[in-house]
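Just so it is clear, the structure is predicted and the values come from calculations on it, not from any experiment. Whatever order the structure lists them in is the order used to number ligands and atoms, beginning at 1. The first residue in the sequence is number 1, and the count goes up from there.
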Amino acid sequence: MTMRGIPLWAWAAAAALYLAAAAAAMEFAWHRGLDALTDAGAHRLDLYAASLRSELGRYEILPALAARQDSIKTLLEAPRDSRRALLPAVNGYLEAVNKDAGSVAVDVIDLNGDVIAASNWNQPVSFVGTNVAYRPYFIDSISTGSGRFFGIGTNTGEPGLYFASAVRGGQKVLGAAAVKISVDPLEHAWRVPNEAAMVVDGNGVVVISTVPAWKFTALAPIAAQKQAQIQATRQYAGRKVEALGYERLDDWRNGAWFARLPDRAHPGRERRYLVMSRSAPQAGDAIMVVLDLSAARRQQQLAFAFVTGAFLIAALYALYAVQRRRVIAERLKAQDALQRANDRLEATVQQRTAALVTANERMQEEIDERARTEQKLRDSQQELVHAGKLAVLGQMAAGLTHEINQPLVAIRTLCDNARTFFERDQPAQAIANLERVGKLVENMAVLTAELKAFARKPETQTVPVPLGDAVAHARLIYEARIRDEGVHVDVDIAPDAIVEAEPGRLQQVIVNLLGNALDALAGRDERRIRIGARRADDPARVMFFIADNGPGIDPQVLAHLFEPFVTTKPRGHGLGLGLAITSRIVEGFGARISAANPDGGGAQFSIEFVAAESRQ
Ligand code: ADP
């Protein structure tokens with residue numbers, strides 16, 4: 001099974017390889033991306049820790065300096081009712097210090113926790129008169145000498161970092177000086193794309209955050225008891241600290257870990273981030289950076305795209321190569337097939353040629369054989385014709401004997417008489433007798449000449465022969481029979497009845513037909529023979545006929561009349577060859593013979609000859 005000329009297993013292997021390569025590349029890119037993120041995160045944490053340290057260090061000293069101020073000490077030492085006169089100077093000092101330091105407020109707290117002087121003494125919202133006895137920074141500073149605290153101002157509602165130092169008069173603690181600074185500049189400075197930074201205090205509450213929504217939320221849900229404690233310090237201005245919805249997931253390298261947090265960009269949704277932290281004791285508990293995974297994901301996508309692209313190119317190249325190979329293979333196959341077909345064709349042609357050659361040779365042999373047979377046939381035909389002629393001669397012998405005997409007897413008588421006439425000295429009569437003898441001898445000579453001509457072997461060349469001559473010669477042969485048997489012969493031959501024939505053979509034909517007619521008339525009372533010839537409607541033809549008033553042709557014989565050895569004559573009288581020979585001779589002239597019993601009775605033989613002039 002193949003697809004586009006590549007076996008399915010190769011496709012499957014390529015797909016598996018692709019999936020493995022894509023997975024490996026994505027994994028690698030993911031690791032690389034995360035490593036880059038953690039590097040950046042570590043760098044950020046260093047930076048933020050340093051900035052936090054320097055920022056806080058700047059203000060940490062401020063309450064300690066204020067605590068050394070004599071005017072403040074004096075104020076705290078002075079009885080409650082005599083403080084009023086001292087206040088303007090202290091307030092003025094605090095105001096000036098606050099302004100110089102850039103803090104939110106600087107104030108002085110007595111041992112009761114009451115704020116008695118503040119830099120914002122003349123502001124609409126002033127710290128003066130506020131009691132901060134419950135605030136840990138105050139409590140810590142009185143008891144340990146210094147305190148720090150992240151919290152939301154109870155008066156102002158603004159979050160800030162509080163530092164406090166105890167004010168001492170000799171060994172005695174008189175009260176405390178405190179400064180509140182804003183974390184806004186830090187949050188501003190830390191705001192960078194694709195990451196969030198926050199500071200978590202000891203309670204696990206986010207006190208500085210570049211994401212405003214996360215501020216004053218707890219990483220872990222705060223237990224009810226702790227919640228009550230926080231409420232007591234009013235650390236977050238009495239707010240209930242909600243849980244951020246932070247869930248620590250699996251750890252990553254370099255001290256980073258994955259965590260689920262609310263999506264920064266889409267409130268209400270959650271998202272996975274990479275988190276790193278660094279302890280920051282001066283700020284509370286820890287600084288955390290929350291890093292977007294999008295950069296790593298992008299690297300992953302890039303790796304995927306790269307691998308996919310590379311595979312696509314490789315696949316396309318493979319397809320192209322396979323296609324090319326297939327085209328070449330097909331071309332070769334087609335060439336091969338063509339060559340084979342050609343070879344086959346050549347072999348077939350050779351076979352056929354050989355078969356043709358043998359067939360040709362066989363045919364040539366057959367032709368030769370036919371020619372030989374034909375020659376033999378012709379020879380035997382000639383023999384037959386000759387034999388027929390001899391047979392007729394035999395038949396004619398009796399007639400001839402009579403024909404010759406009669407003149408011989410007449411000559412004998414005429415000679416005897418001539419001698420007598422000479423003896424009686426009557427030479428005129430004797431000469432007349434001798435002349436008659438000469439005439440008779442001449443007639444006999446004609447007769448023998450005809451017989452010789454008849455017995456002669458035939459020539460095959462045809463020449464123009466007047467039918468009248470041929471009939472006259474034939475008639476001469478049968479002259480004695482005609483006369484003796486009292487046959488009335490009626491001849492009507494047109495002078496232009498000249499036909500293409502060989503004279504000897506034509507004579508043989510007419511002798512045959514005349515003989516047959518005479519035979520048929522034997523025993524008849526009235527004996528008549530009609531012989532006629534004339535040009536046919538087609539001037540190239542001459543119609544000849546010989547008819548008798550005999551009994552007609554035996555119907556049983558009629559159909560086979562021109563076949564050899566067909567005869568009705570008694571043994572010794574007929575061989576049945578006459579008409580067979582006649583028809584062959586006639587065919588040899590290009591003529592046609594036919595026989596019929598006409599309505600008037602008797603028999604009629606007709607021959608359609610080729611007219612002599614028509615032969616060019
Ligand atoms: P043959 O004369 O030796 O019998 P032919 O071939 O000449 O042989 O004639 C064949 C037969 O045709 C004769 O035996 C005869 O029956 C018939 N035949 C030929 N000519 C005539 C004719 N003029 N009238 C009637 N029958 C004829």
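- Between Asp554 and ligand 1, no N or O atom pair is found at a separation short of 3.5 Å.
- Looking at Glu479 and Arg481, no side-chain N of the basic residue comes within less than 4.0 Å of a carboxylate O on the acidic one, giving no salt bridge.
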Stepwise side-chain contact (heavy atoms from CB on, under 4.5 Å) test for Asp496 and Val542: CA-CA 9 Å; Asp496 63 350; Val542 171; over 6 Å; no
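- Looking at Gly552, Gly515, Pro551 and measuring to atom 25 (C) of ligand 1, the nearest heavy atom belongs to Gly552.
- Considering backbone and side-chain atoms alike, Asp519 places every N or O at 3.5 Å or more from each N or O of ligand 1.
- For Leu561, the closest heavy-atom approach to ligand 1 falls below 4.0 Å.
- Under the side-chain contact (heavy atoms from CB on, under 4.5 Å) criterion, Asn433 pairs with Leu414, Asn417, Ala418, Phe421, not counting sequence neighbours.
- Using a 4.0 Å cutoff on heavy atoms, Gly550 does not count as a contact of ligand 1.
- Looking at Thr582 against ligand 1, nothing comes within 4.0 Å, counting heavy atoms.
- When the side-chain contact (heavy atoms from CB on, under 4.5 Å) test is applied to Asp263, the partners found at least two apart in sequence or on another chain are Ala265, His266, Arg269, Arg271, Tyr273.
- In this structure, Phe605 counts as a contact residue of ligand 1, since one of its heavy atoms falls inside 4.0 Å of the ligand.
- At a threshold of 4.0 Å, the pair Asp35-Arg253 counts as salt-bridged, since one of the basic side-chain nitrogens sits closer than that to a carboxylate oxygen.
- Between Asp492 and Arg534 there is no salt bridge, since none of the side-chain N atoms of the basic residue sits less than 4.0 Å from a carboxylate O of the acidic one.
- Among Ile546, Thr568, Leu518, the residue whose heavy atom sits closest to atom 14 (O) of ligand 1 is Thr568.
- Taking every non-hydrogen atom of Asp548 and a distance limit under 4.0 Å, the qualifying atoms of ligand 1 come out as 22 (C), 23 (N), 24 (N).
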